[in-house]
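Working notes, beginning with the structure itself.
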Amino acid sequence: MANPKQMPDEFYQWMKQLQEIDFVLVELTLYLDTHPEDYDSIKQFNEFAEKGMRLRQKIEKKYGPLMQYGQSYSGYPWNWDDPPWPWQM
Amino acid sequence: MSTYRKSWRPYIGPNDPCPPIEIKYYETPPNLYLGYQPYGLKQFDPSTALFKGTLWPALYAPYSNPYKKKREEEE
């Protein structure tokens with residue numbers, strides 16, 4: 001049984017960027033919960049949300065779905081359960 | 001920074017079986033002094049923020065074990 005193909009470095013770079021964007025979104029969410037009128041932060045939040053969506057699409061187009069139950073498109077054949085899983089990254 | 005670290009000296013009784021701890025330390029992180037977070041605080045860039053664990057330098061307070069330093073001196 002051939003071992004599964006190793007993911008290229010580009011995949012890891014993109015996933016790291018995605019993690020950075022998601023962390024900023026978490027921090028901004030917590031901040032905005034207590035600062036609902038902060039316009040600049042809401043603008044920044046939407047910028048990062050959009051950046052995150054675009055990056056997620058870019059990753060999924062090339063490396064398969066990241067989420068399930070319709071959150072991501074599936075490749076052919078059914079490949080949402082292909083490695084690497086999050087803990088195998 | 002360690003400036004957020006405060007300390008007090010517990011009472012050391014004569015019948016203490018174990019070697020006494022002369023100084024006890026406790027952390028007072030910056031959010032205690034900040035209260036309601038002001039608008040427009042300076043931010044880290046995303047990759048540093050992920051590494052440091054917070055988006056705002058004002059709230060960055062890494063922990064270093066004050067007791068470890070003393071133990072190394074004793075050894």
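Order of the sequence lines fixes the chain letters, A, B, ..., with proteins taken first and strands second; residue numbering starts at 1 for each chain.
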(message) Take a 6.0 Å sphere around CG of A:D9 and say whether it holds more than 12 heavy atoms from other residues, nucleotides or ligands.
(response) no
(request) For the pair A:Y31 and B:W56, name the ring-plane relationship: parallel under 30°, tilted 30 to 60°, perpendicular over 60°. (result) tilted
(message) Between A:Q17 and chain B, with a heavy-atom cut-off of 4.5 Å, which part of the residue counts as in contact: side chain, backbone, both or neither?
(response) neither
(request) Using non-hydrogen atoms and a 4.5 Å limit, figure out which bit of A:D38 sits close to chain B: side chain, backbone, both or neither. (result) both
(message) Tell me if the OH atom of B:Y63 is crowded by more than 12 foreign heavy atoms within 6.0 Å.
(response) yes
(message) Less than 4.5 Å to any heavy atom of chain A: does that hold for the side chain of B:T48, its backbone, both, or neither?
(response) neither
(message) Running the 4.5 Å side-chain criterion over Ile, Leu, Val, Met, Phe, Trp and Tyr, what cluster does A:W87 land in, apart from itself?
(response) A:W78, A:W80, A:W85
